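Down below is the structure, laid out as structure tokens.
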Amino acid sequence: MSSSERLSRAQQKFKILASTKNGDELAAVLPLNSEYTNLVLGDMLKEDGGWDALREPLSRGLWNEVTVEHFRAAIACRRGDFVEACARQLATYHAFLRAFRHMERWSINGLLVLCRDLCSVAQRADALLAGDGQGGKVEEATRAINQGFSLCMTDREPDLAKSRKWGTYRVANILFRLYRRLGAHNLCDSMIRAIKASELPELDAFPMSDQVTFRFYRGMLAFRSESYAQAKDDLLFALAHCHRDAYANKIRILTYLTPVLMAEGAMPQSRLMRRYPPVKALYGELAKAARAGNLRRFDELLAEKEQQLVAAGAFLAAERVRRIATRELLRKLYLIGGSASRVPFQTLRDGFVAAGLADTTVPEIEAILADTIYGGYVKGYLAHDHGVAVLSKQEPFPPLRSLVQGS
Amino acid sequence: MPAAALAVAPATAGTEPEWPDSLKGFVQRSFAACSDKARHRLEKQLRQIIASASSNGKINSLDWDNRPLPKACDLAPGLTKAWDLAPGLPAGAPPTKRNSTSAGIPDDTDAFDSEERKERRLRRFQREAEEEAARKAADSRSQVVVPPTPGAGDVFNWDADTIVGTCAKLEKSYLRLTSAPDPSLVRPLPVLRQTLDLLKRRWVEERNYTYVCDQFKSLRQDLTVQRITNSFTVDVYEMHARIALETGDFGEFNQCQSQLKHLYALGLPGHAMEFLAYRLLYFLYTRNKGDVNAALAAMSRDEKQDPAVAHALQVRSAMATGNYHRLFALYLVTPNMGGYLIDKFADRERCLALRKMCKAFRPRLSVAAISAALAFDDPPACAKFLAGLGIAVSDDAQPSVDMKLAYPQAIAAMQKYDKVDIKGQMY
């Protein structure tokens, strides 16, 4: 069989899969290293004397393009020429999109498979180009995938069961990963807004894996913009419903969730930290210092771990936990003073100095107290002229749980 | 006809450009010497040449017959390296890639029309055309200063579009550029140095910010247009930034400090640490947490240890941990000119602190105590601030405030600031 015959056979196959709406098999043959692709290429090499047929210019026809570009991309991959592979895969993808507009829910897996391959060759291409100070392939890929995303989200198919809308969150999650890698958080935000404004079915109607991934990213973005209540809500859900075996994902969730909970007074349990050493490495000692009211140690640790925390984007969140540490120190000093409701500023100041915060002054103590009273951590008032803090007789230090604001 | 296709948009409305025959001939020759694929570029270049000649009023006086053809003409042999002479371009500019034999004794055995002969003729015409253009440019309002080619380190990204100015007037008002700059209005580096000295003196003597800012903007423009990027550029931006800071013009300050960031990154000497500290304080003023985080991430250990930067970092930390006492204590000892930056958000932080104080202190607090806590110059200044918020102060020897009553006003005062912050931070 000549290679051009083999090619047109392949093209026929794609066409038939499309017309019979065989989504599963389409998704099985479209990957760059699918069995079918390898088989065809292997046969072409062995029996037809090479891949020359693929060098010929394309004849018109949608599936022609998809077929030929797909095989060209696969060949380029084998050669290690990922820049070429990326260009070819983009061509395959765009050609596929032209058909996708008219296809239904069954074709979503095919799209996803192409997206995944596109991501991976784009990243490899950028790695190769980085040596020359070039790049931008991943950006190109995101623009292309965004088109696929729109096609899913804005599908007008009246029958919901057949609608492409069911693919929206899958593609969105792919985009989240890419945008995050590029640092384009504003694009993530606009995507979330677009989804909110669209007429998609409710998130909980989608498969759980879609929900977990999406809520993880939405939680992470809320965390970054310091909307901690929203972040907590999404991240808790993601953690609770994350697949039991998805260890790395759980660590990712916990990296953001932990400081949010710590700032509410909920320190991570030792069992959790045993199971997830990276979380322990980052927050374990901070939690201990905060719970013990060891402000000096807390500040030390914050400085020590600053680099790692900033890299994880969690420094500002971890800093918030300091109020818990302050509250604990004040509570200890109160208890040491015999739980007297009138506590002189000077006493507290001496206590702070003894705890290692050497340059504390009385005015600073007043400011610290004002801050803690304002935050609700301490119930009472300050009598400046008498130099005394007058704490509530009932519950001078309300339980931290009661301070948590609902989302 | 190609010339008709050019339809140069005249600078004045409505009048048809009247071209002398020599110009028409020039245009025709250009098109004849141009291949099809370069035609588009040629049109652009011709448009530029003609527009600049007409805006200088020289369209009739330039010697179009002997003018070398524009660069886009790639067909005629021997004229392939013709220069597009913008007036004012120094003769020594863009080095040629010729591998011709050195200018010297004509070889009699060459044919009259050989490439070499053509090139030599071309060079002679170039020189003559230049001299004429220079003579014509001399009757603009400034004297012609022979523009020196700037030193190798002064110009970044030299290309054929970089110009060297010829204007010798020290002062120049700022005008936003809407077209290619006229070199006779652009001041070269030596003149600009004198201008900076002048501005320094004028600022100290007169303190007229409007004038000085205007002059600085045109100074910066001249630097940009000539692509001068050296330690002088840094000096200019630093000085303008400091003056803007002192006056409270944060718009200009921000422009300067972001430009300085680029300049320092190029390795140019300057007060990088001083301005890094300013940048941090500026982010604290705008409450842009993303920028703060990014700046933190990018900082090296050495940078963090610089006294000015360390101070700014401590200010950040005091604000993040709600320690207004430390914040105001740091405010009082801000190094360099950072105090002007903190001035801009001091009142906001004072409102914040006051809100906390109103919740915590009972029953009354003396104005003196509030003044000390919030780092006012003196109790009267504090009283004025409180009055501005609508907070009642008692009318006796030791004025004081009923903290419980003042609480709603303190909250209302913060709303003015909270609106600015879109993200709804919880303080």
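Predicted model, so just to flag it, every value in this text is computed and none were measured. Here is the naming used below: chain letters follow the sequence lines, and residue numbers restart at 1 for every chain.
Within 6.0 Å of CD in Q398(B) there are 12 or fewer heavy atoms belonging to other residues, nucleotides or ligands. Q307(A) CD: 12 or fewer foreign heavy atoms inside a 6.0 Å radius. Within a 6.0 Å sphere centred on NZ of K288(A), heavy atoms belonging to other residues, nucleotides or ligands number 12 at most.
When L369(A), D385(A), L382(A) are each tested for a side chain to side chain contact (heavy atoms under 4.5 Å, CB included) with F361(B), only one passes: L382(A).
To the nearest 0.5 Å, atoms CG (D371(A)) and CG (L352(B)) are separated by 10.0 Å. Separation of atoms CE (M403(B)) and NE2 (H384(A)) is listed at 10.0 Å; rounding is to 0.5 Å.
Looking at E366(A) and K356(B), no side-chain N of the basic residue comes within less than 4.0 Å of a carboxylate O on the acidic one, giving no salt bridge.
In this structure, the portion of E306(A) lying under 4.5 Å from any heavy atom of chain B is its side chain and not its backbone. Residue K404(B) does not touch chain A at all, counting heavy-atom pairs closer than 4.5 Å. Looking at T326(A), there are no atoms closer than 4.5 Å to chain B (heavy atoms on both sides), in backbone or side chain. In this structure, the portions of S317(B) lying under 4.5 Å from any heavy atom of chain A include both its backbone and its side chain. Contacts of F328(B) with chain A are absent, with no heavy-atom separation under 4.5 Å from either backbone or side chain. The contact between R326(B) and chain A is made entirely by side chain atoms (from C-beta outward), counting heavy-atom distances below 4.5 Å. Proximity to chain B (any heavy atom under 4.5 Å) is restricted, for F315(A), to the side chain, taken from C-beta onward.
Residue T321(B) comes nearest to R322(A) through the heavy atom pair CG2-CD, 3.5 Å, listed as atom of the first residue, atom of the second, then distance. Considering every non-hydrogen atom in both Y324(B) and A370(A), the closest pair reads OH-CB, 3.5 Å. Between G322(B) and R323(A), the shortest heavy-atom contact is CA-NH2, 3.6 Å. In terms of heavy-atom proximity, A367(A) sits nearest to N323(B) at CB-OD1, 4.4 Å.
Using a 4.5 Å cut-off on side-chain heavy atoms (C-beta onward), R316(B) and E319(A) make contact. Annotation: side chain of H325(B) is in contact with side chain of T361(A) (closest heavy-atom distance under 4.5 Å).
Within residues 370-392 of chain B, no residue has any heavy atom closer than 4.5 Å to a heavy atom of chain A.
Interface summary for chain B: among V378(A), V310(A), V390(A), the most heavy-atom pairs under 4.5 angstrom belong to V310(A).
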